[in-house]
Amino acid sequence: MGHEPMATETTLVFSYGTLKRGFSNHVLMQDLIRSGDASFKGVYQTLDKYPLVCGPYRVPFLLNKPGSGQRVTGELYAVSPRGLSRLDELEGISRGHYVRQQIRLLKEGEEGDLEAEESCVVEAYYAHKSYEEELWERNRRRSFGAYTEKEARGYVKRNDRPQHLTFLDHIRIFVSSPCD
């Protein structure tokens with residue numbers, strides 16, 4: 001029989017980084033899919049341009065600065081309330097790491113036909129405001145349109161980072177260090 005269909009109160013979540021298929025945190029998404037708490041909805045692109053940058057340990061951050069950067073490509077998932085709380089925990093929502101806010105998307109490959117262009121408003125995890133501007137400056141206001149294997153090269157998993165420092169410590173050190 002498999003799992004019961006997901007409850008109707010799912011949240012659509014745009015994943016642009018390590019939760020995507022083929023990246024290090026996708027195992028969590030796979031767990032949620034297996035337990036019936038998430039389902040893959042397709043590849044989408046942001047309607048507006050947003051900066052997507054890397055911070056410490058090649059961790060990707062979407063900055064809530066519409067109009068800067070590029071249109072960002074990522075994956076859309078429908079997530080149950082239980083799945084959403086797992087993602088919120090991973091993204092450090094209560095610890096000031098990321099904030100979950102709205103973003104408008106288009107299904108990839110629909111740009112050409114404006115009649116068929118249906119945008120949807122979903123949730124995304126943006127860099128927290130407390131360091132967003134510094135992160136943008138530290139990246140010399142350069143961003144990319146998708147977190148690919150190239151950008152992810154050198155990514156360090158959470159457990160392999162120095163444990164005596166918090167995530168926000170790592171960000172502070174990163175934004176105050178000279179650019180390569």
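Both backbone and side-chain heavy atoms feed into the values below; hydrogens, waters and symmetry mates do not.
- Between L63 and V53, the closest side-chain pair of non-hydrogen atoms falls below 4.5 Å.
- Although no hydrogens or angles enter the test, the distance criterion places a donor-acceptor pair under 3.5 Å between the side chain of Y16 and the main chain of L62.
- For the pair R100 and Y126, the cation-pi criterion (under 6.0 Å, within 45° of the ring axis) is not fulfilled.
- At least one side-chain heavy atom of R86 sits less than 4.5 Å from a side-chain heavy atom of L32.
- For the pair L106 and R71, the minimum side-chain heavy-atom distance is below 4.5 Å.
- Residues that satisfy the salt bridge (charged side-chain N to carboxylate O under 4.0 Å, His left out) test with K129, not counting sequence neighbours, are E132.
- Put simply, the side chain of H128 never gets that close to the backbone of V99: no donor and acceptor are under 3.5 Å apart.
- In Q163, the CD atom is crowded: over 12 heavy atoms of neighbouring residues, nucleotides or ligands sit closer than 6.0 Å.
- Look at R21 and E75 and you find a salt bridge, because one of the NZ, NE, NH1 or NH2 atoms lies within 4.0 Å of a carboxylate O, short of that distance.
- Taking every heavy atom of both residues into account, K41 and L12 meet most closely at CG-CD2, 4.2 Å.
- Every residue two or more places apart in sequence or in another chain that forms a ring-ring contact (aromatic ring centres under 6.0 Å, His included) with Y147 is listed here: F23.
- Using a 4.5 Å heavy-atom threshold, the side chains of S39 and I33 count as separate.
- Residue K49 qualifies as open at atom NZ: its count of foreign heavy atoms under 6.0 Å is 12 or below.
- In this structure, OG1 in T11 is found 6.0 Å from CD in E123, a value given to the nearest 0.5 Å.
- Atom CD in Q30 sits 12.5 Å away from atom CZ in F40 (nearest 0.5 Å).
- Side-chain contact between E151 and R58 is present, with heavy atoms from C-beta onward closer than 4.5 Å.
- No hydrogens or angles considered: a donor-acceptor pair under 3.5 Å links the side chains of D169 and T166.
- Considering only residues two or more places apart in sequence or on other chains, F14 meets the ring-ring contact (aromatic ring centres under 6.0 Å, His included) condition with none of them.
- A salt bridge is absent between K157 and D160; no separation between the charged side-chain nitrogens and carboxylate oxygens falls under 4.0 Å.
- Contact check for P56 versus R161: no side-chain heavy atoms found under the 4.5 Å cut-off.
- In this structure, N25 and Y155 have side chains that are in contact, with non-hydrogen atoms separated by less than 4.5 Å.
- Residue I173 belongs to a hydrophobic cluster whose other members are L165, with links defined by side-chain heavy atoms closer than 4.5 Å.
- Residues that satisfy the ring-ring contact (aromatic ring centres under 6.0 Å, His included) test with Y131, not counting sequence neighbours, are F61.
- Residues forming a ring-ring contact (aromatic ring centres under 6.0 Å, His included) with H170 (at least two apart in sequence, or on another chain): Y57.
- Note on R141 versus E133: salt bridge recorded, some NZ/NE/NH1/NH2 to OD/OE distance being below 4.0 Å.
- Side-chain contact between L135 and F174 is present, with heavy atoms from C-beta onward closer than 4.5 Å.
- In this structure, N139 contributes its side chain and C54 its backbone to a donor-acceptor pair below 3.5 Å.
- Under 3.5 Å, the side chains of T46 and D48 contain no donor-acceptor pair of N or O atoms.
- Using cut-offs of 30° and 60° on the angle between ring planes, the pair Y125 and Y98 is perpendicular.
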